[in-house]
Amino acid sequence: MNFKVPRGTQDILPSESWKWQRAEAIIKNVCDVYRYKEIRTPIFEQTDLFQRLVGETTDVVQKEMYTFTDRGDRSMTLRPEGTAPVVRSYVEHKMFGYPDQPVKLFYTGPMFRYERQQAGRYRQFVQFGIEAIGSNDPAIDAEVIALAMDVYKKAGLTKLKLVINSLGDTECRRTHKEALIEHFKPHIDEFCSDCKDRLEKNPLRILDCKVDGDHPLIKSAPSLADYLNEESAAYFKEVTSYLEDMDIPYEIDANLVRGLDYYNHTAFEIMSTSEGFGAITTLCGGGRYNGLAEDIGGPSAPGIGFAMSIERLLLAMEAEEVSFEAEPDIDVYVVTLGDEAKRLGVKILGQLRASGIRADIDYTGRKMKAQMKSADRLKAKNVLVIGEEEVAKQVVVLRNMADRQQEEISTTELIQVVADRLTKEGR
Ligand code: HAM
């Protein structure tokens, strides 16, 4: 039998997982600074939730969901995104009653979409996302965008482009929709079958079509910008003014529509402009969703958020050739010669670890030279050498691997000496 990781998924091995942990540490730190609190929702939900909130006509719902019937005959879906579950939780737990609105939440976890695998596109990927629910202040739109930019900056990325648009409110969307139908209808035969379907239901999606993206009618389509009513235009202007105050450069793209149906007003994406980055350049996408809580029976609770995948964050770092600084794996490697020395070594190992000192020993009975090589590979800061003579004298030889200096230390003083040394080095 020849088992392989399922298509579109990947094993994150220890040689990579430390980078994920670093990225997640940056994320947690930035969220803390902005006062976003973590929420963890289940990885599956009722299928209906996504159908209703993400939208029946979206690619995500029509083609990409991992849907199954459970043993109780209910239709369940592995979450393709995090906003619908978070809004569900906000309504279910009556977070709209919390005294401090908006409620500011973040999440990191696996999402599932049955997509064609390519660089930067997976069937299981990890999204970090935030949602600020319960405020209609343009300043929070700017805060959400600033938070996303901060995460990328802290990861060392500089080749970034923020693209922003306003999708307006329900009224502008309706008049724009009518204009789009009028624009595409006479030529709809030239479009793919999905677009034909989209024409009456959701013509905005035609602008985002992966098949017909280059059709000239898409470029000449009526722009939503021309259909924004006064209120929506004023809202958008305020969001961009806040971005300017915060020195966050942006580009307005009137064709930015996003792939999910729940958006209104502010929509944005952050792209990598690094040449080394593959065909998919979007690192992060988000926007405002004012009607979502009401759509599932909650009160009016305007929200805004974004999501980014850790996969694409790390790919962008690779493309820009920036990396997290690797830390040595351990502080002390214990090298022993002979059975008695091994016993003493294991005892000392336990004491080191109990004091929070990262330590390890050989478990494969290798010769001393091979043990020293392991210590080098693991970039141990210190090596403890114990032979028969040391056992007899109840001492160990402590070697500093940076300057190769070594000294004999009694076993009773050892832990303190090592701890002091590490403190001096700033660990
Ligand atoms: P989305 O644009 O569908 O939005 O996805 C957001 C981000 O998730 C993308 O920019 C990308 O980084 C990542 N992503 C999406 N699909 C894949 C994939 N197949 N493989 C790797 N990464 C992927 C949402 O999901 C919204 N829930 C964002 C949001 C939050 N809007 C408001 N709040």
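The analysis underlying the following values was restricted to heavy atoms, covering all of them including side chains, and did not include hydrogens, waters or symmetry mates. Indexing begins at 1, ligand by ligand and atom by atom, following the structure's order.
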Closest protein heavy atom (residue, atom, distance) for atom 11 (C) of ligand 1: R312 NH1, 3.4 Å
Short N-O contact, E45 and R88, less than 4.0 angstrom: yes
Under-4.0 Å heavy-atom contact with ligand 1, by part of F306 that carries it: backbone
Sidechain N-carboxylate O distance under 4.0 Å for E325, R22: no
Ring center gap for H265 and F236 short of 6.0 angstrom: no
Salt-bridge present (R353, D360; N to O < 4.0 Å): yes
Shortest protein heavy-atom distance from atom 1 (P) of ligand 1, along with the residue and atom involved: R258 NH2, 3.6 Å
Pair R288 + D141: basic N to acidic O under 4.0 Å: yes
For F306, the option from Y263, Y289, Y152, F128 that meets ring pair (Phe, Tyr, Trp, His ring centres under 6.0 Å): F128
Protein heavy-atom partner closest to atom 20 (N) of ligand 1 - residue, atom, separation in Å: Y122 N, 3.0 Å
T282 neighbourhood, listing ligand 1 atoms whose heavy-atom distance to it stays under 4.0 Å: 10 (O)
Numbered atoms and elements of ligand 1 in range of T83, under 4.0 angstrom, heavy atoms: 26 (C), 27 (N), 29 (C), 30 (C), 31 (N), 32 (C), 33 (N)
Minimum-distance protein heavy atom relative to atom 21 (C) of ligand 1: G120 O, 3.3 Å
Sidechain N-carboxylate O distance under 4.0 Å for E24, K28: no
Check: M372 and V383 side chains under 4.5 Å, non-hydrogen atoms: yes
Side-chain ion pair, D376 and R404, N-O less than 4.0 Å: yes
Salt bridge E16-K19, side-chain N to carboxylate O under 4.0 Å: yes
Residue and atom name of the nearest protein heavy atom (relative to atom 5 (O) of ligand 1), distance in Å to one decimal: Q127 NE2, 3.4 Å
Backbone or side-chain N or O of E115 under 3.5 Å from ligand 1 N or O: yes
Enumerated ligand 1 atoms positioned under 4.0 Å from heavy atoms of E81: 25 (O), 26 (C), 27 (N)
Proximity of Y66 and Y114 rings by center, below 6.0 Å: yes
NZ/NE/NH1/NH2 to OD/OE distance under 4.0 Å, K185 and E200: yes
Sub-4.0 Å heavy-atom contact, E311 with ligand 1: no
Atoms in ligand 1 flagged as close to M308, the criterion being non-hydrogen separation under 4.0 Å: 12 (O)
Test: K63 and D194 ion pair at under 4.0 Å: yes
Ligand 1 contact by G286, heavy-atom criterion under 4.0 angstrom: yes
Shortest protein contact, atom 31 (N) of ligand 1 (heavy atom only): Y263 OH, 2.6 Å
Protein contact to atom 24 (C) of ligand 1 [nearest heavy atom, distance to 0.1 Å]: L260 CD1, 3.4 Å
N or O pair under 3.5 Å between E131 and ligand 1: yes
Ligand 1-proximal atoms of Y262, by part, heavy-atom distance under 4.0 Å: side chain
Location of contacts on E269 toward ligand 1, heavy atoms closer than 4.0 Å: neither
Pick from Y114, F125, F268: the one approaching atom 14 (N) of ligand 1 most closely through a non-hydrogen atom: F125
For atom 7 (C) of ligand 1, the protein heavy atom that lies nearest, with its residue and separation: A307 O, 3.3 Å
Mode of L283 contact toward ligand 1 - side chain, backbone, both, neither (heavy atoms, under 4.0 Å): backbone
Ligand 1 contacted by C284 (non-hydrogen, < 4.0 Å): yes
